[in-house]
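Scroll down for the structure; my scribbles are underneath it.
Side chains included, hydrogens not; waters and symmetry mates left out as well; all remaining heavy atoms used.
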Amino acid sequence: MNALEIKNVCKQYPERNLKANDDISLYLKKGEILCIAGENGAGKTTLMKILCNLEKPDSGEIKINGYIGMVHQHFKLFPEYTVAENIVLGKEPKKFKIFFDNKKADYISKKIIEENNFSIKLKTKEKIKDLTVGEMQQVEICRILYQNFDIIILDEPTSILTNEETLSLFNTLKKLADNGKSIIFITHKLNEIKQIANRIVILRQGKLIKSCDISEIETEEINNLMINSDFKPESFSLPEPVENKKAILTFENVTVKRLGQKRPLLDNVSFSVSSGEILGFTGVGGNGLGVIEAVLGGFLQPKYGKILYKKKDITGFSTHSLRKQGLTYVPADRIRVGSAQEATIKENIIINYEKKHSPDEYSKWLIEKNNIDAPDINKKCNTLSGGNLQKLIISREIESFYNKNINILNSYIVFSEPTWGLDSASSGLILKEIDLIRKIGAAVILISTNLNEVKKLANRIIVMYKGKIADEYINNNRNSE
């Protein structure tokens, strides 16, 4: 008996001409890992929401043998609850069968975290709102693993995990499958599909294109079937280290510390980024990457130290003040920071808009130029898929950067986890665009837990550990993967 069967499922949203799911039929065996692959907007997430009863199909039949749990691409966590409280939510340990057992919840959470070699072991008592998006991803995965579901769906679970965390997750999933659990793994990362899947289903523009055992298909064919072309993102050579350029943005001994904390979130951090270079920050999530982003964006203020923009002291400036100074910023958290979910798509696009054209014309132009699947600009932003929302935010910020910065040589732009949730084609174009911004003379700060991404782009790389700079070096590794 199969764990799951889907027959002729269709789903079309009234405002869209293209069906999100167009006559999809597939099955999931007990004890197997099925990979569902496809580029942004292929219909993967819609299909999974239908399986979890978050969306209703227009037609079709679904048979489920067991209970389903899903790790969502956009987290379903409670920001004011702790890590441990979120992990055990819905199946809480009780003391005397009445009271919530905090001690046991903490023990359970740490055990699951340790088994998966995640980096949040010491953060079980911290609130979700104080975590980075990478750490939230870990909590979401631990929550589903604790619930002991028969069928587990993971929607882009490794988008912002480190390589080590990804490998640990894969080991866990394989053990679960060996013990009879059935797993659906949604990804656009070609290198992961061969590592984890027994079978693969490829979706494109809402249709099922191919279904087969993973041994029967090569990676190149998967890529071509996903995007329906032989497109390969153009490679570009790593730029030479920038020398004798003027510093655009400088941190001088910046320390960030919250009241009552023993260890600073940032501890005496100093660096500068110059015109015409990309400075990359990397490291395991929770070691200061999110704090650097928050300080750059004006959400956290230093307790000690200075931040200088072209020698002007901007320490303590708010987000609004930094924007007026010329800050352009792509945040890691596209839901809480990068967008207003209840506002329309148009309203999200024109946040930084300079009135040279009508808002409607500008919004439609930006969508068409960047291949964003958003047919109706007057619909709420929360109707967009994760990948299309990411493309909207990046496109909006890059256009804003070009429009408001007359002197590019005196400008800087911050990218944090820029390719989160993007397929390989879109990721390649974004990385190329970031490099182009560097080539025309701007200063670029790239914050990413994806070490390959940082190695590919950055002139210099800073590795963060426990809020400190653990290492800093010029990037001469041109061909590292």
Side-chain angles (χ1 to χ4, degrees), residues 83 113 117-127 129-138 160-165 241 247-274 277-309 313-317 329 331-333 412 414-417 443-455 457-477 480:
V83 167
I113 292 164
N117 198 28
F118 286 154
S119 63
I120 53 172
K121 178 184 174 183
L122 300 178
K123 298 196 172 187
T124 52
K125 295 180 181 178
E126 290 193 19
K127 290 184 177 181
K129 67 179 183 179
D130 295 326
L131 303 184
T132 67
V133 287
E135 290 168 335
M136 292 180 198
Q137 182 74 286
Q138 295 174 40
I160 38 184
L161 297 183
T162 64
N163 290 338
E164 184 181 1
E165 290 164 348
I248 301 300
L249 190 74
T250 301
F251 273 38
E252 292 183 353
N253 309 114
V254 170
T255 296
V256 176
K257 190 175 182 181
R258 288 190 177 137
L259 187 66
Q261 281 188 322
K262 293 181 179 179
R263 180 167 67 85
L265 299 174
L266 279 188
D267 192 354
N268 201 35
V269 170
S270 297
F271 65 84
S272 55
V273 58
S274 300
E277 81 163 335
I278 297 175
L279 176 61
F281 285 87
T282 192
V284 176
N287 281 283
L289 298 183
V291 183
I292 287 176
E293 179 196 334
V295 173
L296 287 167
F299 299 104
L300 274 179
Q301 306 302 335
K303 187 172 181 63
Y304 309 110
K306 287 184 179 181
I307 303 172
L308 304 176
Y309 172 48
D313 191 342
I314 58 170
T315 312
F317 276 32
Y329 166 43
D333 191 336
Y412 74 99
V414 178
F415 293 92
S416 186
E417 307 291 358
V444 180
I445 295 176
L446 173 64
I447 303 170
S448 178
T449 51
N450 185 333
L451 183 57
N452 291 337
E453 188 169 274
V454 176
K455 283 182 177 180
L457 284 179
N459 300 98
R460 288 185 297 124
I461 297 176
I462 291 177
V463 181
M464 298 297 297
Y465 181 67
K466 292 185 176 180
K468 296 182 179 181
I469 293 178
D471 198 7
E472 179 177 352
Y473 58 94
I474 292 173
N475 183 16
N476 293 316
N477 195 347
S480 177

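Ring-plane geometry between Tyr329 and Phe299 is classed as tilted, the angle between the planes lying from 30 to 60 degrees on a 0 to 90 degree scale.
To the nearest 0.5 Å, atoms CD1 (Ile314) and CG (Leu308) are separated by 8.0 Å. The CG atom of Asn459 sits 8.0 Å away from atom CG of Asn475, with the distance rounded to the nearest 0.5 Å. The structure places CG of Leu451 at 5.0 Å from OG1 of Thr282, a figure rounded to the nearest 0.5 Å. Note that CD1 of Ile278 and CG of Leu457 are 5.0 Å apart. Values are rounded to the nearest 0.5 Å. Once rounded to the nearest 0.5 Å, the distance linking OG1 of Thr255 with NZ of Lys468 reads 10.0 Å. Atom CD1 in Ile248 sits 7.0 Å away from atom OG in Ser274 (nearest 0.5 Å).
Between Leu296 and Leu249, some side-chain heavy-atom pair lies under the 4.5 Å cut-off. Between Asn117 and Glu164, the closest side-chain pair of non-hydrogen atoms falls below 4.5 Å. In this structure, Leu266 and Tyr304 have side chains that are not in contact, with every pair of non-hydrogen atoms separated by 4.5 Å or more. With a 4.5 Å cut-off on side-chain heavy atoms, Phe317 and Tyr309 do not count as touching. Contact of the Met464 side chain with the Ile469 side chain is registered, since non-hydrogen atoms from C-beta on lie closer than 4.5 Å.
Of all the heavy atoms in Phe281 and Val454, the pair that sits closest is O-CG2, 4.2 Å. Across Val273 and Ala443, no two heavy atoms sit closer than the pair CG2-CB, 3.9 Å. Heavy-atom minimum distance, Thr315 versus Gly305: CG2-O, 3.7 Å. Among all heavy-atom pairs drawn from Gly316 and Pro302, the shortest one is N-CD, 4.5 Å.
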(request) Check step by step if side-chain hydrogen bond (donor to acceptor under 3.5 Å, both in side chains) holds for Asn450 and Ser448. (result) CA-CA 5 Å; Asn450 185 333; Ser448 178; 5.3 Å; no

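Glu293 places a side-chain N or O within donor-acceptor distance of the main-chain N or O of Ala332, the cut-off being under 3.5 Å. With Glu126 contributing its side chain and Leu131 its backbone, the two residues share no donor-acceptor pair below 3.5 Å.
Side chains of Thr449 and Glu417: a donor on one and an acceptor on the other come within 3.5 Å.
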